[in-house]
Asker: 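Take this structure first; my questions come after.
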Amino acid sequence: MKKLIAGNWKMNGSLAANEALVQAMLAGIGSPKADVALCAPAPYLSQLQLLLNGSPIAWGSQDVSAHEQGAFTGEVSAAMLRDFACRYAIVGHSERRQYHGETDAVVAEKAQRALAAGITPIVCVGETLAEREAGVTEEVVKRQLAAVIHLVGHCITEIVVAYEPVWAIGTGKTATPEQAQAVHAVLRAQLKAATPHPERIQILYGGSMNAANAATLLAQPDIDGGLIGGASLKAPDFLQIVAAANAQ
Ligand code: PGA
């Protein structure tokens, strides 16, 4: 299966900084074997469309509304993302779950809205440090993914899953390849119960993935790519991760 390297800029960027970053990425991207995408803050999606249209880099959002349209001040609908040709929408990032109270059910609705608009949801799951130490990692990620399978099980092969242990995000504390692989295998087995083709679903690892550790993580049998935060804000680092994915 093709690997996917997706950048998550989070709430960073400006018109000028994005332009410089994207031009540097385009200059070095070549013809990647892996799928590559950048997920930007909503106001910059039209800029990404202009810069990336026709290039090997796709673009996407970091969230999408669980509602179709109407009186939901501040929300951005899947149809609006479609207008800007977004290929992906991250849903259920731990920062959304933690700071914006997103429940498993809401995350599943967001995934459903994205799919209905022809956008691939990148569904994030992951345990906190307390949950890992309590030995409930498997239970937590399975519960998070089960909500999505329950709602969109009929088209589950259209989603991307991202395993992001909360304790590894932005901390420089990466999960070991063995730790990550163990959870990815659990997720793959769970998907297998929902589809005869679980191998078609890309399961990304995220959490302090960088130019130095990408190759060993991506070499694991069930790690099909990366969701990259900090390192996606530096063109050379991001390009090195893409190169590591191309080399698999
Ligand atoms: P990080 O973020 O690479 O900066 O740890 C990953 C993410 O939150 O998607």
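None of the values given here were measured: they were computed from a predicted structure.
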Asker: How far does NE2 of His154 sit from OG1 of Thr157, to the nearest 0.5 angstrom?
Answerer: 10.0 Å

Asker: Could you tell me whether the side chain of Lys3 and the main chain of Leu218 form a donor-acceptor pair under 3.5 Å?
Answerer: yes

Asker: In terms of hydrophobic clusters joined by side-chain contacts under 4.5 Å, are Ile90 and Leu115 together?
Answerer: no

Asker: Whether the side chain of Arg97 engages the backbone of Val107 through a donor-acceptor N/O pair (distance < 3.5 Å, no angle test) should be reported.
Answerer: no

Asker: Quick one: closest heavy-atom pair of Asn246 and Ala34, and the distance?
Answerer: OD1-N, 2.9 Å

Asker: Can you tell me if Asn210 uses its side chain to pair, donor with acceptor, with the backbone of Thr174 under 3.5 Å?
Answerer: no

Asker: Test side chain to side chain contact (heavy atoms under 4.5 Å, CB included) on Trp59 and Leu51; report intermediate values, then the result.
Answerer: CA-CA 10 Å; Trp59 57 95; Leu51 289 169; over 6 Å; no

Asker: At what distance, to the nearest 0.5 angstrom, does CD1 of Ile159 lie from CD1 of Ile156?
Answerer: 3.5 Å

Asker: Would you say the side chain of Val76 lies within less than 4.5 Å of the side chain of Ser61, judging by non-hydrogen atoms?
Answerer: no

Asker: Just wondering, are more than 12 heavy atoms of other shown residues or ligands nearer than 6.0 Å to CD in Gln69?
Answerer: no

Asker: Is Trp9 reaching over with its side chain to a backbone N or O of Leu38, donor-acceptor style, under 3.5 angstrom?
Answerer: no

Asker: Does any non-hydrogen side-chain atom of Tyr88 lie less than 4.5 Å from one of Leu4?
Answerer: yes

Asker: As a test of understanding, state which of Glu109, Glu75, Arg113 forms a side chain to side chain donor-acceptor pair (under 3.5 Å) with Ser65.
Answerer: Glu75

Asker: Assess, by modelled atom type and distance only, whether the side chains of Gln181 and Asp222 contain a donor and an acceptor separated by less than 3.5 Å.
Answerer: yes

Asker: I need the Leu48 CG to Glu19 CD distance, nearest 0.5 Å.
Answerer: 10.5 Å

Asker: In this structure, would Val141 and Val106 fall into the same cluster of hydrophobic residues linked by side-chain contacts under 4.5 Å?
Answerer: no

Asker: Decide yes or no for Ser55 and Ile29: does some side-chain heavy atom of the first lie under 4.5 Å from some side-chain heavy atom of the second?
Answerer: no

Asker: Identify which one of Val64, Val91, Val152 satisfies the side chain to side chain contact (heavy atoms under 4.5 Å, CB included) criterion when paired with Gln112.
Answerer: Val152

Asker: State, yes or no, whether a side-chain contact exists between Ser77 and His67 at a heavy-atom distance under 4.5 Å.
Answerer: no

Asker: Report the distance from atom CD of Glu138 to atom CD of Gln190, rounding to the nearest 0.5 Å.
Answerer: 9.5 Å

Asker: Would a 4.5 Å heavy-atom cut-off, applied to side chains only, mark Ile169 and Lys10 as touching?
Answerer: yes

Asker: Where the side chain of Lys110 meets the backbone of Pro121, is there a donor-acceptor pair that is under 3.5 Å apart?
Answerer: no

Asker: Is a side-chain donor or acceptor of Asp237 paired with a backbone partner of Ala211 at a separation under 3.5 angstrom?
Answerer: no

Asker: Glu127 versus Tyr163: any side-chain heavy-atom pair under 4.5 Å?
Answerer: yes

Asker: Drop me the distance from Gln47's CD to Gln49's CD, to the nearest 0.5 angstrom.
Answerer: 11.5 Å

Asker: How long is the straight-line distance from CZ of Arg87 back to CZ of Arg82, given to the nearest 0.5 Å?
Answerer: 10.0 Å

Asker: May I ask you to decide if Lys2's main-chain N or O and Gln202's side chain share a donor-acceptor pair within less than 3.5 Å?
Answerer: yes

Asker: Please report the closest heavy-atom contact between Ala17 and Ser14, naming both atoms and the distance.
Answerer: N-OG, 3.0 Å

Asker: Check whether Val160 and Phe238 end up in the same hydrophobic cluster, where Ile, Leu, Val, Met, Phe, Trp and Tyr are linked by side-chain heavy atoms less than 4.5 Å apart.
Answerer: no

Asker: Would you find a donor on one side and an acceptor on the other, under 3.5 Å apart, between the side chain of Tyr205 and the backbone of Ala175?
Answerer: yes

Asker: I need the minimum non-hydrogen distance between Ser208 and Gly170, along with the two atoms involved.
Answerer: OG-N, 3.8 Å

Asker: If you compare all heavy atoms of Ala244 against all heavy atoms of Ala214, which two are closest, and at what distance to 0.1 Å?
Answerer: CB-CB, 4.2 Å

Asker: Could you walk me through whether Leu145 and Leu191 pass the side chain to side chain contact (heavy atoms under 4.5 Å, CB included) test, one step at a time?
Answerer: CA-CA 9 Å; Leu145 185 58; Leu191 291 166; 4.0 Å; yes

Asker: Grouping I, L, V, M, F, W and Y whenever their side-chain heavy atoms are under 4.5 Å apart, do Ile57 and Tyr44 come out in a common cluster?
Answerer: no

Asker: Under the 3.5 angstrom rule, does the side chain of Ser232 hit a backbone N or O of Gly229 as a donor-acceptor pair?
Answerer: yes

Asker: Establish whether Val125 and Val136 are linked, either directly or via other cluster members, by ILVMFWY side-chain heavy-atom contacts under 4.5 Å.
Answerer: no

Asker: Walk me through it: do Glu131 and Glu139 pass the test side chain to side chain contact (heavy atoms under 4.5 Å, CB included)?
Answerer: CA-CA 9 Å; Glu131 288 164 340; Glu139 190 183 309; over 6 Å; no

Asker: Return the minimal non-hydrogen interatomic distance between Leu45 and Cys86, and the atom names on each side.
Answerer: CD1-SG, 3.8 Å

Asker: What are the two closest heavy atoms between Ile122 and Ala6, and how far apart are they?
Answerer: CD1-CB, 4.2 Å

Asker: Do Thr195 and Ile201 come within less than 4.5 Å of each other through their side chains, counting heavy atoms only?
Answerer: yes

Asker: For Val166, is there any backbone N or O sitting under 3.5 Å from a side-chain donor or acceptor partner on Thr128?
Answerer: no

Asker: Taking the side chain as every heavy atom from C-beta outward, state whether Leu204 and Met209 have any pair of such atoms under 4.5 Å apart.
Answerer: no

Asker: Taking it one step at a time, do Arg188 and Asp224 satisfy side chain to side chain contact (heavy atoms under 4.5 Å, CB included)?
Answerer: CA-CA 11 Å; Arg188 184 88 63 200; Asp224 308 313; 2.7 Å; yes

